[in-house]
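This report refers to the structure that appears directly beneath it.
Every heavy atom of this structure was used, including side-chain atoms; hydrogens, water molecules and symmetry mates were not.
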Amino acid sequence: MKNVRQVGSLCLCAVLIWGVLDAGGRAFAAGADDEPKGEAPALTIYNQQFAVVRQKMPLDLKLGVNHVQVTDITAHLEPDSVILRPLDTGRRLQILEQNYRNDPVSQQLLLSLYEGKTIDFLQTDKDANPHLIQGKIIRSGYVPHYTAFQADGQQYYQQQASNTQGGGEQPVIEVNGKLQFSLPGQPLFPALADDTVLKPTLAWELQTDKAGATTAEFSYVTGGMNWEASYNVVAPPKGSVLELVGWVTLDNQSGRTFRDAHVKLMAGDVNKVPPPRPIVMGSVGAMGFGIGGGQFGPPVTEKAFDEYHLYTLEHATTLHDRETKQVEFVRAGGIQSQTVYVYDGFKVDQNYYRGWTYENIRQQESYGTLSNPKVWVMQEFKNSTANHLGMPLPKGRVRFYRRDDDGQLEFTGENDIDHTPRDETIRLYTGSAFDMTGERSRTEFRSDYNARWIDESFEIKVRNHKPTPVEVRIVEHLYRWTSWDIVKNSDPFKKVDSQTVEFVVQVPTDGEKVVNYKVHYSW
């Protein structure tokens, strides 16, 4: 390891080069900042704000106990997730003690170390001439770095916020017997202490039963990394045959750059116990042919893994700290879809009826008499091989576009999908139809609470001002009680679930369709 410290009368600079040390200070791996030499790391990033980091670590150990420091780690490492495994089967490694420090040196930290002491400050006059002035640090204003492993993280965070709001972050300096709430100039500190850290650091007491050089696998869980999927879907000027391009967006806020990393993405609802508080931290081409499209191989491959799905980036990539990167992972064309119109005329004031039970609703005669005039537009297609898809699709946002007659893309709506297995149907709400409207009104309400029954009748009207006839799914919610029977209806219906029915009707051009039904509740 090379550790360069230079302290001048007016400046302090420190350069730390990555390394792993034994008790004698020898270097086992080194390189420029954020550019470690040796084998590239491997990452498995979860779409739940964390990742698993794996890297091979060269070690040169003496027999017995060695002091080893590791600085090429993230700022959000979970210390108790660390695993060090020897790749040499004839060697034993044991971490006797591990210390994690994640409070790199900063001006405020050094001010806190010199609280109660007098140091030099560099000032410049109006002619930009430098001179020194002495000041005593009464209060540094230092707010310690938060770690998610604080015993009472939420209370600690609230206390820090309170300190900040109350001015506790402001330094107090005594100059010539007077106090001021600001620094009188650029502080000049003596040399760094031996235990000062310039980067997040793991310090191990590492025991081995064999001396000499070896390689170990070092892995840990870290926060500050995430990925998500998004999809762009393009429809032609006329018709419903779609093109789809899917992207994965990688977000690295971990505090470390990963160069030429081998990246895997885990999709699924993996259970992970949260920390006490959250960690703070292109264009569509021509139609392809199936996943990957064109003459090139897919940039991302997929396979089932345990109860989840694993997506592997086929090419190594560099993830810079505080960088967001997009990688195409699916491209398909010739996807058959349909536009579905849904009229759900039920409208209710959610704030007024929040927390109401079935019994409350059953006895509130005016419940459900408000009407929603909007007819929803849904896009529906099947994620199957026969439909040129058939790849498990991770959850993400789907944006829909349609080409205008001049070939330009126009945005027509968006929504989110959940994790979708192959052969399942994707159905997304993208907006409301401009040229269609609906109306729902109650025509009868009769009840006998002693005999435990209610009769309720409705009339639903859907009007179509499009130049073509359309099919509309009229959805009705039977919300009064779980025991019901439709005793009269103008059109056939199907039961969707225990309290929902659906009428599928045809609405003519510039015409209106009227549906009536009567429901009988009993309890």
Side-chain angles (χ1 to χ4, degrees), residues 1-3 16-31 34 36-46 50-105 144-151 153 193-225 254-256 258 261-262 272-273 275-276 279:
M1 176 179 180
K2 184 179 179 182
N3 189 2
L16 181 67
I17 297 179
W18 185 90
V20 182
L21 305 180
D22 69 359
R26 292 173 292 173
F28 303 127
D34 279 333
K37 304 295 184 181
E39 188 166 331
L43 299 173
T44 301
I45 306 175
Y46 294 71
F50 73 97
V52 175
V53 180
R54 295 174 300 279
Q55 62 192 68
K56 290 184 179 179
M57 175 181 292
L59 296 169
D60 191 2
L61 304 174
K62 66 181 182 180
L63 181 65
V65 178
N66 298 256
H67 178 69
V68 177
Q69 285 196 142
V70 184
T71 60
D72 189 34
I73 56 177
T74 71
H76 299 292
L77 173 146
E78 298 184 8
D80 55 356
S81 71
V82 167
I83 297 175
L84 185 67
R85 183 175 64 90
L87 298 180
D88 181 358
T89 56
R91 179 189 293 269
R92 291 180 63 249
L93 289 177
Q94 183 178 3
I95 300 176
L96 301 177
E97 180 180 305
Q98 173 177 281
N99 298 290
Y100 176 55
R101 298 187 61 188
N102 187 12
D103 212 350
V105 65
H145 178 85
Y146 175 80
T147 170
F149 310 98
Q150 203 87 22
D194 292 338
D195 61 348
T196 303
V197 298
L198 301 182
K199 302 172 68 174
T201 301
L202 279 174
W204 292 332
E205 295 299 322
L206 184 60
Q207 181 172 278
T208 183
D209 61 349
K210 186 182 295 185
T214 187
T215 302
E217 183 184 67
F218 171 46
S219 63
Y220 57 90
V221 175
T222 179
M225 301 194 75
S254 69
R256 177 191 167 185
F258 296 89
H262 303 287
K272 191 172 190 301
V273 178
I279 297 175

Apply side-chain contact (heavy atoms from CB on, under 4.5 Å) to residues Ile83 and Tyr220 and explain how you reach the verdict.
CA-CA 6 Å; Ile83 297 175; Tyr220 57 90; over 6 Å; no
Could you give me the CA-CA distance, side-chain angles and deciding distance for Phe258 and Val53, then say whether side-chain contact (heavy atoms from CB on, under 4.5 Å) is met?
CA-CA 10 Å; Phe258 296 89; Val53 180; 3.8 Å; yes
Steps toward side-chain contact (heavy atoms from CB on, under 4.5 Å) verdict (Leu202, Asn99)
CA-CA 6 Å; Leu202 279 174; Asn99 298 290; over 6 Å; no
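The aromatic rings of Phe50 and Tyr46 sit parallel to each other, their planes meeting at less than 30°, with 60° as the upper class boundary.
Sequence neighbours left out, not one pair with a member in residues 203-214 passes salt bridge (charged side-chain N to carboxylate O under 4.0 Å, His left out).
Listed here is the closest heavy atom pair of Arg91 and Ala213: NH2-O, 3.8 Å. Summarising the geometry of Ala203 relative to His67, their closest heavy-atom pair is CB-CE1, 4.0 Å, with the distance given to 0.1 Å.
Residues passing the salt bridge (Lys or Arg N to Asp or Glu O under 4.0 Å) test with Arg92, sequence neighbours excluded: none. Partners of Leu63 by side chain to side chain contact (heavy atoms under 4.5 Å, CB included), not counting sequence neighbours, listed by chain and number: Ala211.
Considering only heavy atoms from C-beta on, Pro79 comes within 4.5 Å of Gln98 through its side chain. In this structure, the side chains of Leu96 and Val65 come closer than 4.5 Å at one or more pairs of heavy atoms. Looking at Thr214 and Leu87, their side chains never come closer than 4.5 Å, going by heavy atoms from C-beta outward. At least one side-chain heavy atom of Val68 sits less than 4.5 Å from a side-chain heavy atom of Leu61. When side chains are defined from C-beta on, Ser219 does not count as touching Met57, because their heavy atoms never get closer than 4.5 Å. The shortest distance between side-chain heavy atoms of Leu59 and Thr208 does not fall below 4.5 Å.
Between Glu217 and Lys56 there is no salt bridge, since no side-chain nitrogen of the basic residue lies less than 4.0 Å from a carboxylate oxygen of the acidic one.
Atom CG of residue Leu84 and atom CG of residue Leu93 lie 5.5 Å apart, to the nearest 0.5 angstrom. Between atom CD of residue Gln55 and atom CD1 of residue Ile73 there is a gap of 9.5 Å, rounded to the nearest 0.5 Å. Atom-to-atom distance recorded for Leu43:CG and Met225:CE is 5.0 Å, nearest 0.5 angstrom.
The distance between the ring centers of Phe218 and Trp204 falls below 6.0 angstrom.
Side-chain contact of Thr222 with Thr74: a donor-acceptor pair under 3.5 Å is present, judged by distance alone.
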